[in-house]
Amino acid sequence: MNMRYAIEHQPELQRFRIVQQGEEALLEYQLLGDSVDFWRTYVPDALRGQGMAEQLVRHGLSWAQQQQLAVQASCWYVQKFL
């Protein structure tokens, strides 16, 4: 299953999210000057296996590149994409 999900950026909360079936899948980050640390990816059990985490990470990395931010990843899942 390779659907495209609507990804919402919530800069005030430093996160990207997908809302499906009343649940949130998240990619959380912390801005550190001219770099960003993607520190947490979370997908609830009911939504796993649908590619949401990957879409969130790819979207977040694309955003970071557009913002010309150096990328760090405390999150093991995000590290797989670097």
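The shown structure was predicted, so the numbers you read here are calculated from the model rather than taken from an experiment.
Under the 4.5 Å side-chain heavy-atom criterion for Ile, Leu, Val, Met, Phe, Trp and Tyr, Trp63 and Leu82 are members of the same hydrophobic cluster. Hydrophobic clustering of Ile, Leu, Val, Met, Phe, Trp and Tyr side chains at less than 4.5 Å, counting indirect connections, keeps Leu31 apart from Trp39. Note: the hydrophobic cluster containing Val19 does not contain Val43 (ILVMFWY, side chain heavy atoms under 4.5 Å, direct or indirect links). The hydrophobic cluster containing Leu13 does not contain Val78, counting ILVMFWY residues as joined when their side-chain heavy atoms lie under 4.5 angstrom apart, directly or transitively.
More than 12 heavy atoms of other residues, nucleotides or ligands sit less than 6.0 Å from atom CD of Gln67.
With contacts defined as side-chain heavy-atom distances shorter than 4.5 Å, the pair Leu26/Thr41 does not qualify. Residues Leu27 and Phe38 form a side-chain contact, since some pair of their non-hydrogen atoms from C-beta on lies under 4.5 Å apart. Considering only heavy atoms from C-beta on, Ile7 comes within 4.5 Å of Gln55 through its side chain. Residues Leu47 and Gln21 are in side-chain contact: their nearest non-hydrogen atoms beyond the backbone lie under 4.5 Å apart.
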Evaluate Gln10 against Phe16 for side chain to side chain contact (heavy atoms under 4.5 Å, CB included), listing each step before the verdict.
CA-CA 6 Å; Gln10 297 179 302; Phe16 294 91; over 6 Å; no
Residues Glu28, Gln14; criterion side chain to side chain contact (heavy atoms under 4.5 Å, CB included); working and verdict
CA-CA 6 Å; Glu28 297 182 287; Gln14 296 194 33; over 6 Å; no
Arg17/Met52 under side chain to side chain contact (heavy atoms under 4.5 Å, CB included): CA gap, chis, key distance, verdict
CA-CA 9 Å; Arg17 75 177 188 155; Met52 288 183 194; over 6 Å; no
Could you check Gln50 against Tyr5 for side-chain hydrogen bond (donor to acceptor under 3.5 Å, both in side chains), going step by step and ending with a plain yes or no?
CA-CA 10 Å; Gln50 299 176 46; Tyr5 296 99; 3.1 Å; yes
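Partners of Glu23 according to the salt bridge (charged side-chain N to carboxylate O under 4.0 Å, His left out) rule, which considers only residues two or more places apart in sequence or in another chain, do not exist here.
Aromatic pair His9/Tyr29: ring centres closer than 6.0 Å.
Considering every non-hydrogen atom in both Ser35 and Leu69, the closest pair reads N-CD2, 4.0 Å. When all heavy atoms of Ala25 and Pro44 are compared, the closest pair comes out as CA-CD, 4.1 Å.
Atom-to-atom distance recorded for Glu54:CD and His59:NE2 is 14.0 Å, nearest 0.5 angstrom.
Residues in residues 73-82 take part in these side chain to side chain donor-acceptor pair (under 3.5 Å) pairs, two or more places apart or across chains: Asp37-Ser74.
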